Protein chains: 4
Amino acid sequence: MASKRTRARVHEAVLDLVADVGFTRLTMEGIAGRAGTGKQTLYRTWPSTAAIVFDALLARSETPEGTVSVPDTGDLEADLLLLVEETVQELTSPTTEPLLRAVTAAIQTDLELARQYRERLLEPQIAAVARRFDLAGAAEPAAAAELLLGPVLHRWLLRSGDFDREWMERHINRTLLGAHVS
Amino acid sequence: MASKRTRARVHEAVLDLVADVGFTRLTMEGIAGRAGTGKQTLYRTWPSTAAIVFDALLARSETPEGTVSVPDTGDLEADLLLLVEETVQELTSPTTEPLLRAVTAAIQTDLELARQYRERLLEPQIAAVARRFDLAGAAEPAAAAELLLGPVLHRWLLRSGDFDREWMERHINRTLLGAHVS
Amino acid sequence: MASKRTRARVHEAVLDLVADVGFTRLTMEGIAGRAGTGKQTLYRTWPSTAAIVFDALLARSETPEGTVSVPDTGDLEADLLLLVEETVQELTSPTTEPLLRAVTAAIQTDLELARQYRERLLEPQIAAVARRFDLAGAAEPAAAAELLLGPVLHRWLLRSGDFDREWMERHINRTLLGAHVS
Amino acid sequence: MASKRTRARVHEAVLDLVADVGFTRLTMEGIAGRAGTGKQTLYRTWPSTAAIVFDALLARSETPEGTVSVPDTGDLEADLLLLVEETVQELTSPTTEPLLRAVTAAIQTDLELARQYRERLLEPQIAAVARRFDLAGAAEPAAAAELLLGPVLHRWLLRSGDFDREWMERHINRTLLGAHVS
DNA sequence: AACTAACCGAGACGGTACGTCATGTCTTAGG
DNA sequence: CCTAAGACATGACGTACCGTCTCGGTTAGTT
C-alpha cells in the first residue's frame, strides 16, 4: 500500500534505529520520526515494529548479498562447509544478527508473522539445501537439511557455543553420517 | 528477596495471566493487581515480566513434574524415544508452551536472562542427555545431544513440522548414525 | 464557489450529522463522506465546519419558514408576544437549537464568522423589531429591541430559566415600560 | 483530586497559554507540557480544556479582585452604574475576555459544565444584583436583574455595540422604568 | 464527433492531538 | 517497620482529523 519511496525510507530508518537503540527500544513513533513520515502511513502498511523489521529483512533477501546461496561444486562436504560458513556469517554479522533475533522472538507470539516467515524465508532456504542433498543421493533430503541446520540454530538461539571451524567440520561430518550420504 | 508467600502468589498470578491474556499483554501492573501486591514489591525482586515468567518456570522445574528426566533402561534407542517424547510434550503442552516461547523470545534481547537460562535450564539438560550418550559409548556425547535436540528445537521454534511418532523414530535413527553409536 | 447541487448536498449532510452526532463531533471528513464529495471541494468553499453550519443556517433563513417575521396588527403588546413566541420556538426547536448554539459558540472565537453573523442575521432581525417599536412611537427603537431580546438571549444562552407564557407576558410588559411606550 | 500545587501550576499554565495562543489552540498536551505535569494528571481531574479554563476562572472568582461586588450606597442609580461598569470591565479586560468567551462557548455544548457555570457563577451574581433591587423595593427583583444584565450580555456576546458611558446610563434608566422602581 | 480542459471523488500524505495504558519512582496510610 | 495502594512525570500506543497534495475518471465546451 505504501509507495516505493516511503518503503525505502522506512526500511532505512528501521535499520538505522535498530543499530542505534536496539530492537526493544524500537517504536512506531521513532520510526515515523526518523523516516519523516506520519504514523498513520506506517500503520496503513504494517501492524507492528516487528512486521517492519521483517519487511526490511525480506527486502534485503531479495538482493544478491541478502541471500544465502547453496554452492554446488560436486564436493558435498566442501559445499556444506561453505554453506554453513555463510549461514553463520549471516547469523552473527553485527547488522543482521539483531534483526534476525528480533524477528525470531516476534514469531514466537505473532502467528501471522510466523506464517510469513516460514513461507518466504524458511521454506525456500530449507528447500534449497534439501535440493543439494538430493543431488548427492540422500534418502530424505529435507530431514538432512534439518539435521544440518537444527543444531546451528540451537547454538545460535541459546548462545550455547561458538561457531569455530572445527565444530563446523565435525558437525557436517555427523550430518553426512546421519543422512546416509557417504 | 521477596518472601516465600509473595513469590508463590506472584507465580500463580503470572501463570494465570499468561493463560488468560498471553505473554505479550502481561504487565507489571497486571501482575501486581492479580497477586494483590504493590508494584514496588515486584520491582524489588524482578526487573521485568520476562524475569518473573522465567522464575515461575524455574520454580516449576524444581518439582518432579517439571523436569524432563533421562531414562536409562539399557536400550539407548528406546530411551531416546522416551526422552524426545517427554521433551515434545513439555514443548507443546498448553500450559508450558506459551511460557517457553515467551522466555525463548526474551533471551534474544536480554543477555542477563539468557545467561541464567543457559546455566539453570539448558546446560543441565544437555549434560544429562550427553551423559546418557556417554554411557552408550558415543565419541562426542555433547555433540550427540546437540544433534538430537537441535532439530527438535528447529521444528518447534519455526513451527516447520509436526512431531509425529514416525518423525521422532527416524530422527533418533539419524542421530545415532551421526553420533557413531550403532 | 461550489455548485448549487453540491451546496445543497452539503447542507443536507451537515444537518443530518449535527442531528446524529452533535456539532462537537462534526468533522470536515465526516461531512465530505456523508455528502459524497471530496474534502477539497469543501475547503474550496468553506474554511471550517462552523462556517458550513452557518451557511446552512443562512440558506434556511432565506426560506419562508426560516425567518422570524415581525407581525404588525396595531396591537403592539400582542404583536410582541407573537414575536417572542416565534423567537423562542426557533431557539428551542430540536432542529435549530443545536445549530444556533454551535454558531453562537463559534462566533466567540471566529471574528470573521461573527461579522457575517452580525450583518446577515442579527442586524436585520434587530432592525425589523426596532421598526415595529418605531411605529409604536418608541423614543429609541433600537434600544427597545435590545431590551426585549437581551433577556431572552440571556435565559437561553445560560439556560437560566424556562420560557413559559407568564414570563413572556411580564417581560414584554417590563420592556414596554422601559421603552416609554405605553 | 489533584494536589493544591498541581492545581495552581495548571491554572497558571492555562492562563498563560490562552494569552499566548488563544483558547482554540489550547490542548491538553500543551497544558501538561507548560505545567510540567503528565497528561494523565490532568485527565484525572478535568475532562476537557474548557473544564480547566472554567476551574481557573472559578479559582480567580474566589479572590477579591475576581468578584464583581454589588455596591450599596443608597443611591440605586449610581450603584447600578458602578455595577455595570465593573461588569463591563470584567467582560472586556484583555485577560478575562478570552476566558469568559471560551467558557460561554463551551457551555453551549457541554451540559455538565453549563450546570456548574449556572450554580457557581451565574446564580450567585444574579442573586446579588436581585438583592440590591429588592432593597430598592422592586416588585420582581430577579426579573429586574435579568432586565439589567440581559442586554449587556447581548451586546457583548454578539458584539453588537460598544459599552460607552451614555449607553450604560440610558440602559439603567430603561431598566429602572421597566422594573417599576422610580 | 473528437478533443481538450476544468472539475471532482477519492484518498495518501506529514502532521497534531486525542484519550489510554504502562513504565519505574515516589509518597502516604494502615496493619 | 513494612507493604498495598496509587499519584506522578514520562513516553508510546493506535485512532481521528487536519489541511495539502496528487491521482484518475467523468463532464462539458470548444473546435
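Quick note on labels: first sequence line is chain A, next is B, and so on, each numbered from 1. The analysis underlying the following values was restricted to heavy atoms, covering all of them including side chains, and did not include hydrogens, waters or symmetry mates. Computed from a predicted model, the values in this text were never measured in an experiment.
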What's the [atom1]-[atom2] distance between [X] and [N], to the nearest Å?
X	N	atom1	atom2	result
D:Lys39	E:dC18	NZ	C1'	6 Å
B:Arg7	F:dT3	CZ	C1'	18 Å
A:Arg44	E:dA10	CZ	C1'	13 Å
A:Leu42	F:dA12	CG	C1'	13 Å
B:Trp46	E:dT23	CH2	C1'	18 Å
A:Leu26	F:dG11	CG	C1'	15 Å
A:Arg5	E:dA12	CZ	C1'	14 Å
B:Arg34	F:dA4	CZ	C1'	18 Å

Which listed nucleotide ([options]) is nearest to the side chain of [X]?
X	options	answer
A:Gln40	E:dG19, E:dC8, E:dG15	E:dG15
D:Glu29	E:dC8, F:dC8, E:dA17	E:dA17
D:Tyr43	F:dG19, E:dC18, E:dT23	E:dC18

Exercise. Are any of the side-chain nitrogens in A:Arg115 or A:Glu112 under 4.0 Å away from the carboxylate oxygens of its partner?
Worked result: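 Yes, this pair counts.
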Exercise. Charged N to carboxylate O under 4.0 angstrom, B:Arg34 versus B:Asp20?
Worked result: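 Salt bridge present between B:Arg34 and B:Asp20.
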Exercise. So what does D:Arg9 hit on the nucleic acid, given a heavy-atom distance under 4.0 Å: a base, only sugar-phosphate, or nothing?
Worked result: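 Sugar-phosphate, no base atom in range.
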For this session: Remember a base hit wins even if backbone is also touched, and classify C:Gly30 as base, sugar-phosphate or nothing at under 4.0 Å, heavy atoms.
Result: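 Nothing, no nucleic acid heavy atom in range.
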Examine [N]: is either OP1 or OP2 under 4.0 Å from a nitrogen or oxygen in the side chain of [X]? Give yes or no.
X	N	value
B:Thr37	F:dT3	no
D:Thr27	E:dT16	no
A:Thr41	E:dA12	no
A:Arg25	F:dA12	no

Exercise. If you measure from CG on A:Leu17 to CZ on A:Phe23, what distance do you get to the nearest 0.5 Å?
Worked result: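 The distance works out to 12.0 Å.
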Exercise. To the nearest 0.5 Å, how far apart are CH2 in D:Trp156 and CD in D:Glu97?
Worked result: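 If I round to the nearest 0.5 Å, the distance is 6.5 Å.
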Exercise. With nearest nucleotides of DNA chain E determined for A:Ala35 and C:Gly38 from heavy-atom distances, which residue corresponds to the more 5′ nucleotide?
Worked result: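 On the 5' side of the pair lies C:Gly38.
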For this session: Using the closest heavy atom to pick a nucleotide of DNA chain F for each, name whichever of C:Met28 or B:Gly36 lands nearer the 5' end.
Result: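 Closer to the 5' end of DNA chain F: B:Gly36.
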Problem set entry | With sequence neighbours excluded, residues passing side chain to side chain donor-acceptor pair (under 3.5 Å) with A:Glu62 |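 Expected list: none.
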